[in-house]
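Below is one structure; the comments refer to it alone.
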Amino acid sequence: MPMSGSGIGRRGIHYLQKRKAANIPSDLIEKGQNRVIDASLTLIRERAKLKGQLVRALGGALSSTSLLGVPLGHNSSFLQGPAFAPPRIREAIWCGSTNSTTEEGKQLNDPRVLTDVGDVPVQEIRDCGVDDDRLMNVISESVKLVMEEDPLRPLVLGGDHSISFPVVRAVSEKLGGPVDILHLDAHPDIYDAFEGNKYSHASSFARIMEGGYARRLLQVGIRSITTEGREQGKKFGVEQYEMRTFSKDRDMLENLKLGEGVKGVYISVDVDCLDPAFAPGVSHIEPGGLSFRDVLNILHNLQGNLVAADVVEFNPQRDTVDGMTAMVAAKLVRELAAKMSK
């Protein structure tokens, strides 16, 4: 049986721990890890440079979406299949069952609308024994490398929701200030440190808010929230919109205006914001969610300068045989790319 992504990562960490126990010099291990990290960042840098040069040569783009995959699943508290999502999403985007035109008329086969800089090699880095503090820094640096190539803007493919912290951090630091965040999810993901893990996918927005990377955080689609989730929301001034009041909140949520007075708008879409009837391929199935058209109405009607986004928590290991949720995630990516590219 093939080893899961998390199993590979654990094997690497345990392997390096054994080498340290065998009196292998720590500086030798660290130098090797640094070489792997440098090589990983070099690949992202050079691909981003190439795609940026292409878009600039074509001309006419004020902003252009570029995909960056972060196949990370080990910070999930339940299933770790989201590590395998980025290639499945890409496959669905270009599978041929639909055309390359978005609902608002953008052509995805135009590089000024969508390019791709590849994946951060998460498992290869973890296999060298790199811990999560450094891994999160690698993710942040990768996002900044994309943003350096104007007019590229990152649309990040997860991966579990822990990736949103280093991505938002990078966006805020690169732009020089906080953003407004629209977060679509069944869960608030704002535990202080779920199960003792400060980088848990259930704690990403606590890290974002305590870091000062967001001015406003709007959480939409919430229907699985604990007392701590509500208390943390109040602590950080989060605007939490639960599904039990969605019929009352709908008009406002479908006419949002965000980003004025800050560096722009960031959108984070956890696929489980959708009712499982629309997206069964997720780790945490929570009935009573948003319809796909609800989500598109919110995204299409949002007014604001979209500077970056992510689509996370698609779990291919729980998808239907015909890849229904992969197509749903791909459609989300397509429509976000169209909104971000101008």
Side chains of [X] and [Y]: donor-acceptor distance under 3.5 Å anywhere?
| X | Y | result |
| --- | --- | --- |
| N75 | S200 | no |
| R250 | N255 | no |
| H74 | Q80 | no |
| S341 | S63 | no |
| R169 | N137 | yes |
| T101 | Q107 | yes |
| S268 | D310 | yes |

Under a 4.0 Å N-O cut-off, is there an ion pair linking [X] with [Y]?
| X | Y | value |
| --- | --- | --- |
| K51 | D116 | no |
| D133 | K198 | yes |
| R293 | E103 | yes |
| K234 | E231 | no |
| R45 | D38 | no |
| R216 | E239 | yes |
| R47 | E149 | no |
| E104 | K106 | no |

Is a donor on one side and an acceptor on the other found under 3.5 Å between the side chain of [X] and the backbone of [Y]?
| X | Y | answer |
| --- | --- | --- |
| E141 | M136 | no |
| S172 | V168 | no |
| D185 | C273 | no |
| T226 | G229 | yes |
| T325 | G281 | yes |
| S64 | A61 | no |
| K339 | L302 | yes |
| S40 | V36 | yes |
| D127 | Q123 | no |
| D272 | A186 | yes |

Taking all non-hydrogen atoms of both residues into account, name the closest pair between [X] and [Y] and its distance.
| X | Y | value |
| --- | --- | --- |
| H201 | E313 | ND1-OE2, 2.8 Å |
| P154 | M340 | O-CE, 3.7 Å |
| D249 | E242 | OD2-O, 4.4 Å |
| A83 | P71 | O-CB, 3.1 Å |
| R318 | V282 | CD-O, 3.1 Å |
| S162 | Y199 | CB-O, 3.0 Å |

Q: Please name the residue in the list V312, L135, D119 that meets the side chain to side chain contact (heavy atoms under 4.5 Å, CB included) test with L72.
A: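 Among V312, L135, D119, the one that satisfies the side chain to side chain contact (heavy atoms under 4.5 Å, CB included) with L72 is L135.
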Answer whether the closest heavy-atom distance between the side chains of [X] and [Y] falls below 4.5 Å.
| X | Y | result |
| --- | --- | --- |
| N305 | R153 | yes |
| L256 | N301 | no |
| I125 | V138 | yes |
| F246 | D294 | yes |
| V171 | V143 | yes |
| P188 | F205 | no |
| T65 | T115 | no |
| V328 | F292 | yes |

Q) Given N34 and R134, is the side chain to side chain donor-acceptor pair (under 3.5 Å) satisfied, shown in steps? A) CA-CA 10 Å; N34 289 340; R134 295 177 70 194; 2.5 Å; yes
Check whether [X] and [Y] end up in the same hydrophobic cluster, where Ile, Leu, Val, Met, Phe, Trp and Tyr are linked by side-chain heavy atoms less than 4.5 Å apart.
| X | Y | result |
| --- | --- | --- |
| M252 | L217 | no |
| L182 | L274 | yes |
| L157 | I163 | no |
| W94 | L155 | yes |
| L145 | V156 | yes |

Straight-line distance of [X] [atom1] to [Y] [atom2], nearest 0.5 Å:
| X | Y | atom1 | atom2 | value |
| --- | --- | --- | --- | --- |
| H284 | H187 | NE2 | NE2 | 6.0 Å |
| F278 | M327 | CZ | CE | 16.0 Å |
| S291 | L296 | OG | CG | 8.5 Å |
| H161 | S283 | NE2 | OG | 12.5 Å |
| K331 | I89 | NZ | CD1 | 15.5 Å |

Q.
I want to know whether H183 and Y266 have ring centres closer than 6.0 Å.
A.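 No, ring centres 6.0 Å or more apart.
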Q: I would like to know whether K49 and E148 meet salt bridge (Lys or Arg N to Asp or Glu O under 4.0 Å); could you show each step before the answer?
A: CA-CA 9 Å; K49 280 184 179 179; E148 284 176 5; over 6 Å; no
(Q) The test is salt bridge (Lys or Arg N to Asp or Glu O under 4.0 Å); show your working for R207 and D192 and say whether it passes. (A) CA-CA 8 Å; R207 302 290 81 77; D192 179 56; 3.4 Å; yes
(Q) Tell me whether the rings of F165 and Y213 are parallel (<30°), tilted (30 to 60°) or perpendicular (>60°). (A)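 The rings of F165 and Y213 sit tilted, inter-plane angle from 30° to 60°.
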Q. Do other residues, nucleotides or ligands put more than 12 heavy atoms under 6.0 Å from E260 CD?
A.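 Counting other residues, nucleotides and ligands, CD of E260 stays at 12 neighbours or fewer.
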